[in-house]
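Being a predicted model, the structure only gives us computed values, none of them experimental. Residue numbers start at 1 and run along the sequence shown.
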Amino acid sequence: MAPLPRVDIDQPKYDQSTYVGRAKHFFLVTNPLNVLASNKKLEEARQIVLKYRAGKEVPECETIEDVWRAKYLYDSAFHPETGERQIIIGRMSAQMPMNTLITGGMMAFYQSTRAVVFWQWFNQTFNAIVNYTNRSGASPVSKSQLLTSYCLATSGALATALSLNRAVKMMNPLVGRLVPLVAVAAGNCINIPCMRMQEIRNGIVLLDEKNTEVGVSRKAACLGISAVILSRISMAIPGMTMTPVLMNVLEKRGFLAKYPNWNAPIQTLFCGFVLIFATPMGCAFFRQRAAIKVASLETKVRENIQKKRPDLDTVWYNKGL
């Protein structure tokens with residue numbers, strides 16, 4: 001068997017400078033079928049990745065495509081920094097099935113106060129698990145920070161949903177069906193900055209073209225966090241806007257009156273179908289390795305970089321997910 005070609009499997013397979021390349025990358029990362037992989041299969045993928053990284057032979061793989069499949073399966077279940085196997089519902093590959101259940105529930109039972117409280121609580125609990133599972137290995141999220149973020153996001157989402165439900169009672173039913181989206185957006189606007197408060201306070205690392213650290217910037221942290229918030233909201237928008245329109249049409253045509261038990265299943269299945277595409281496409285809106293001009297950084301950071309590297313015009317940072 002001919003030796004496998006050597007490629008850097010720790011860099012994405014597809015060109016990350018284009019939206020299409022990023023979307024292809026995230027379709028593989030968020031593939032919900034990866035959730036079904038057994039622990040044995042995950043361990044096999046891990047061994048393939050470790051051996052290939054070390055320059056050893058990988059008899060399990062006939063082509064480089066086999067290595068890439070193992071790498072994406074590995075990435076879907078193991079923490080990128082610590083190498084630990086992640087909690088299954090906190091993995092990126094669990095985003096679509098879990099959000100299908102949660103979004104379907106929020107959309108189907110948006111009128112009942114008890115249901116609104118339950119589904120908003122469930123959603124923020126899931127978000128907390130995802131944030132904990134994907135926490136930074138170098139700067140882990142403290143338990144107090146996690147608890148604060150969880151409580152604030154849950155309270156914000158509940159206050160938004162309950163107050164808007166009261167405000168839209170006399171409006172078009174379609175408006176009421178959009179309330180869960182506003183609540184989810186409010187929760188993300190609270191949750192993500194709270195979880196990454198250390199970055200807002202202390203800044204995030206800036207890198208040059210060779211990935212050498214050249215500084216730390218709070219402005220870059222704020223830009224990265226803003227991009228993540230927009231990405232998370234953009235993932236929710238398609239399912240939480242298209243589903244209300246569909247259900248409003250079915251309601252006007254009398255379908256839901258005739259088949260009331262089909263309300264929740266239809267919304268859940270339709271949300272799931274939309275999320276298969278919306279999740280990776282939302283993740284791909286912004287580059288993971290974001291660029292920022294040195295001239296636009298904070299004065300002190302800019303001066304330090306220009307003193308060390310007067311030739312450096314642009315620096316990069318990891319915006320997070």
Are [X] and [Y] joined in one hydrophobic group, where the rule is that I, L, V, M, F, W and Y side chains link up if heavy atoms are under 4.5 Å apart?
X	Y	value
Tyr317	Ile225	no
Leu42	Val58	yes
Ile129	Trp121	yes
Leu4	Trp68	yes
Val205	Met197	no

Any idea which heavy atoms bring [X] and [Y] closest together, and the distance?
X	Y	value
Ala157	Gln124	CB-NE2, 4.0 Å
Gly203	Val216	C-CG1, 3.5 Å
Leu206	Ser217	CD1-CB, 3.7 Å
Gly239	Val274	N-CG1, 3.5 Å
Ala186	Thr160	CB-OG1, 3.5 Å
Phe109	Ala264	CZ-CB, 4.0 Å

So [Y] and [X], do their side chains get closer than 4.5 Å, heavy atoms only?
X	Y	value
Phe126	Asn99	yes
Val29	Pro12	no
Thr63	Asp66	yes
Asn318	Ile204	no
Cys283	Gln95	no
Met247	Leu256	yes
Lys293	Asp313	yes
Ser155	Leu158	no

Residue that, paired with Met106, satisfies side-chain contact (heavy atoms from CB on, under 4.5 Å) out of Val184, Val116, Leu181, Leu101: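 It is Val184; the other options fail the test.
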So, for Phe255 and Tyr259, is the gap between ring centers shorter than 6.0 Å? yes
Working to the nearest 0.5 Å, report the span between [atom1] of [X] and [atom2] of [Y].
X	Y	atom1	atom2	result
Ile266	Met107	CD1	CE	13.5 Å
Leu275	Phe270	CG	CZ	10.5 Å
Ile292	Lys219	CD1	NZ	5.5 Å
Leu178	Thr243	CG	OG1	10.0 Å
Gln267	Met240	CD	CE	10.0 Å
Thr314	Glu209	OG1	CD	9.5 Å

Begin from the C-alpha positions of Phe286 and Leu230 and carry the test side chain to side chain contact (heavy atoms under 4.5 Å, CB included) through to its verdict. CA-CA 9 Å; Phe286 301 97; Leu230 291 174; 4.0 Å; yes
N-O pairing of [X] and [Y] below 4.0 Å:
X	Y	answer
Lys13	Glu65	yes
Lys300	Glu303	no
Arg309	Asp311	yes

Is there a donor-acceptor pair under 3.5 Å between the side chain of [X] and the backbone N or O of [Y]?
X	Y	value
Arg22	Gln16	yes
Thr212	Asp208	no
Tyr14	Phe26	no
Lys308	Val214	no
Lys71	Ile9	yes
Asn31	Leu28	no

Tell me, with the steps shown, if Gln47 and Glu43 meet side-chain hydrogen bond (donor to acceptor under 3.5 Å, both in side chains). CA-CA 6 Å; Gln47 291 301 323; Glu43 182 58 28; 2.8 Å; yes
Using 30° and 60° as the class boundaries, would you call the ring planes of Phe277 and Phe27 parallel, tilted or perpendicular?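 Ring orientation of Phe277 relative to Phe27: perpendicular.
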Neighbour count >12 (heavy atoms, 6.0 Å) for atom [atom1], [X]:
X	atom1	value
Arg253	CZ	no
Phe273	CZ	no
Arg218	CZ	no
Met281	CE	no

Mark yes or no: Arg91 above the aromatic ring of Phe78, with NZ or CZ under 6.0 Å from the six-membered ring centre and no more than 45 degrees from the axis.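 Geometry flag: not set, cation outside 6.0 Å or 45°.
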Does the side chain to side chain contact (heavy atoms under 4.5 Å, CB included) test come out yes or no for Ser226 and Leu223, once each step is laid out? CA-CA 5 Å; Ser226 299; Leu223 289 173; 5.7 Å; no
Please test Met96 against Thr30 for side chain to side chain contact (heavy atoms under 4.5 Å, CB included), starting from the C-alpha separation and ending with a verdict. CA-CA 8 Å; Met96 176 265 168; Thr30 63; over 6 Å; no
Hey, mind stepping through Tyr52 and Ile64 against side chain to side chain contact (heavy atoms under 4.5 Å, CB included) and telling me if it holds? CA-CA 10 Å; Tyr52 187 83; Ile64 192 62; 3.4 Å; yes
